[in-house]
Amino acid sequence: MVERSGGLLQQRSRVLVGALAAGALACQARREPASGSVAKGEPPGAASAGPPAPSPAATSPAATSPAAVDPIGVWVGELVVGEADTGPVELMRQGSGWIVRALGATGTCEPAPPGQALLVCKLGGSGHVVRVPAMASAAPGGAAAPDGGAAPAAPDAIDAFWVTPEIPFVVRGGFATPLRLLRTSTGSFAGRASLVATRFTSALGIGRRPTGELFGFLREREQNLGRFFGNFTVVTDGNQLELRTYGGERFAARLVPRGHPSAPQADVLELPLPDTSLVLRMARSAPSEPLAQALWPTAGAPAGALATPTALDDGWPVASVEEAGLSKPPLARLLAELSRPPRDWLDLSVHGLVIAHRGRLVVETALAGYSPQDLHDVRSVGKSFTSALAGLAADRGELGLDERVLDVLGLSSTDPRWRRMKVRHLLSMSSGLDCEDEMPGSPGDEDHMREQPEPNWHRFTLGLPMAREPGAAGVYCTAGINLIGALLARRWGGWLPQRFAERLARPLDISRFQMILMPDGQGYLGGGLRLTPRDMAKLGQLYVDGGRWQGKQLLSARHVAEATAAHAGLSGPNDYGLGFWRTSFRVGQVDYPAFYASGNGGQLIIGLPSLRAVVVFTSGNYANRRAWQRILDDLMPRYVIPALLGRP
């Protein structure tokens, strides 16, 4: 979602300039999806016929006066909010304390709140923070500790965290990113931080129907921007545009002709972003432009898309498609389908595909301008990682799934239903809380939680009323599963990003991730981790292999079986476990049972235990479930499972 938030912005706009090939959108009419209810951005009752024949206005340059701009074409642009760079970080002794230098600023380190065992080093007024494990930042050479005792020698490396401040319109609490600091010859510690920026990378297409009506839609890679517009008609008044959605909303835009002081080299389309002060500036782009090709592909799947994945020191053995015994033709047909030009907002936009088979990484394909090493916001896939953390705590006897939530927190309630709520009820979305993300007006829905003023979202959740008996019904509730973080922090102590790194990320050989923080600085476990697709697949492999990762038993097989068994019904009967969805794929006359983690936009980790396979999709269809549901309903049984079975 696009967060609504105030604050000053550091923003810049990069407009890609190029000449549009004539008729780029001439044949791209809206088509009816195969099934489901009418989605936002879809004209009710529209026919499902094929695209109309090109109209003369769309296949030849428009005869316009110098003051008017022809809106037909593909407009591409990128707006960057915040900073995107890397920079050196140095942690060093100053007297009996520690200081940090980074971004041209110096910050002193102070103890974190009680129970977190961290030093917090704030960098001046930038809002950036370095968090250092307190015991790791020992004095070098056995120097005296501040209390007068002998401090242990400093380690050779410190696993710290780089913390970004709030990113306006995106996330209120910022992100925590692992930061490896190595000991230098002078006794200080040095590393490089990754500075997080948010990109609104967008392509807006406008075409003309045979009736003469202008229509269009917007594709946006990482944020939920497209959900505001869906499919729309376009009404022009000179260089002023009005985008009219099929849901009745209207958005203003304008065309700036080339030669204007704000558009010296090319025509520009300016689109104010809803509920923000941001303006997205887009230039008409040739299909060959890299960003246009990423968002509006015309050249098919990238060369080498099915080449053997790169071997990295990250726990994954790799193999070619042929070595693994998979069939290449259905995978090639899948990638060809995913690389077609879009026809409307409801079309699927896949960013990446990863397939692991029998414990080896076999396919690692990046689409839409991404590279395999780019981090993706996995959205609610993060809930499945939360379930794994709870499983680790349960296996160690640190948190029982049948413990009562309020007992763990040392709290009470006048509502007996609150007192009967157990940990497993939070994980299975059957807590009974008046919290339903897909129900407008629900007091506990995720959007309300993110926008209300209470910075501690655990406290917000604990103040919600009960709507039903715990365990009585499944209702999708992000606030409930995020509350698992309060239970883990209570039993484990410490800061949740640090505990996530220690307990799950490092054992799974995940060295790069970003975790969303709540406004109070604690880790958010309701979703929003950023991971590479190959690291996403490790969670699926862990559960397909009964809790083992590369020969090590990290989770008990008993917990894996319980987490992927039926506990509640959300979209259908018995389709939800403990942080994982359940389904099966029918190919021919055989059903292949599966569990999966799912996130908004089409972020999926699909485990197929009977085939010993894991499939990961990352996608950009935010708030457009009908599009990404095609992965489960169509692409998996039509292409992926036949490939796993070795069928042509």
Side-chain angles (χ1 to χ4, degrees), residues 380 382-395 397-439 441-446 448-449 457-491 525-527 543 555-584 593 595-598:
S380 287
K383 293 178 171 66
S384 301
F385 282 87
T386 300
S387 177
L389 288 173
L392 289 169
D395 283 345
E398 297 163 335
L399 180 68
L401 298 186
D402 287 313
E403 284 193 81
R404 299 180 191 274
V405 170
L406 294 184
D407 290 347
V408 176
L409 297 174
L411 300 174
S412 186
S413 173
T414 57
D415 189 329
R417 294 172 297 180
W418 249 115
R419 297 198 298 269
R420 289 192 288 268
M421 186 196 304
K422 298 179 180 179
V423 176
R424 69 171 60 252
H425 293 141
L426 295 175
L427 290 169
S428 63
M429 301 286 186
S430 60
S431 65
L433 287 169
D434 194 352
C435 164
E436 187 169 357
D437 289 354
E438 298 177 1
M439 179 66 69
S442 172
D445 83 279
E446 184 179 16
H448 182 212
M449 176 177 68
W457 294 345
H458 298 152
R459 188 177 297 123
F460 162 81
T461 304
L462 290 166
L464 291 174
M466 296 291 289
R468 61 193 64 85
E469 183 69 24
V475 172
Y476 197 85
C477 172
T478 295
I481 205 162
N482 179 57
L483 190 59
I484 294 292
L487 309 182
L488 293 175
R490 179 84 170 187
R491 289 293 168 84
L525 297 191
Y543 279 73
L555 270 175
S556 69
R558 177 193 57 77
H559 179 78
V560 168
E562 185 172 14
T564 55
H567 290 273
L570 299 184
S571 297
N574 301 320
D575 64 351
Y576 202 75
L578 300 179
F580 288 90
W581 295 86
R582 295 159 34 87
T583 190
S584 65
F595 61 85
Y596 65 98
S598 177

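The basis for the numbers below is simple: all heavy atoms, side chains too, and nothing from hydrogens, waters or symmetry mates. These numbers were taken from a predicted model, which means no experiment stands behind them.
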Indicate the ring-plane relationship of Tyr576 and Tyr476, choosing parallel, tilted or perpendicular according to the 30° and 60° boundaries.
->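 Perpendicular: the ring planes of Tyr576 and Tyr476 meet at over 60°.
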
Plane angle bin for Phe595 and Phe580 - parallel if under 30°, tilted between 30 and 60°, otherwise perpendicular |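 It falls in the perpendicular class, over 60°.
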
Side-chain touch [X]/[Y], heavy atoms, less than 4.5 angstrom:
X      : Y      : result
Leu433 : Met421 : yes
Leu406 : Leu462 : yes
His425 : Val405 : no

Any donor-acceptor pair under 3.5 Å linking the side chain of [X] with the backbone of [Y]?
X      : Y      : answer
Ser384 : Gly579 : yes
Lys422 : Glu403 : no
Asp437 : Glu446 : yes
His458 : Asn482 : yes
Arg582 : Asn574 : yes

With sequence neighbours left out, what residues match Glu438 under side-chain hydrogen bond (donor to acceptor under 3.5 Å, both in side chains)?
->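 Expected list: none.
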
Which residues pass the side-chain hydrogen bond (donor to acceptor under 3.5 Å, both in side chains) test with Asp575, sequence neighbours left out?
-> none

Distance, nearest 0.5 Å, that separates [atom1] of [X] from [atom2] of [Y]:
X      : Y      : atom1 : atom2 : result
His559 : Thr564 : NE2   : OG1   : 9.0 Å
Leu399 : Leu389 : CG    : CG    : 11.0 Å
His567 : Leu401 : NE2   : CG    : 8.5 Å

Non-hydrogen atoms of [X] and [Y] that approach each other most closely:
X      : Y      : value
Cys435 : Gly444 : SG-O, 3.2 Å
Ser387 : Leu578 : OG-O, 2.5 Å
Leu464 : Trp418 : O-NE1, 3.0 Å
Gly485 : Leu525 : CA-CD1, 3.5 Å
Ser428 : Ser430 : OG-OG, 2.7 Å
Leu427 : Ala390 : CD1-CB, 4.0 Å

Hey, are Ser598 and Lys383 close enough side-chain-wise for a donor-acceptor pair under 3.5 Å?
-> no

What salt bridge (charged side-chain N to carboxylate O under 4.0 Å, His left out) pairs are there with at least one residue in residues 558-569, not counting sequence neighbours?
->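 Residue pairs passing salt bridge (charged side-chain N to carboxylate O under 4.0 Å, His left out), neighbours aside: Asp395-Arg558, Arg424-Glu562, Arg558-Glu562.
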
Apply the side chain to side chain contact (heavy atoms under 4.5 Å, CB included) test between Val475 and each candidate in Met429, Arg468, Met439; give the one that qualifies.
-> Arg468

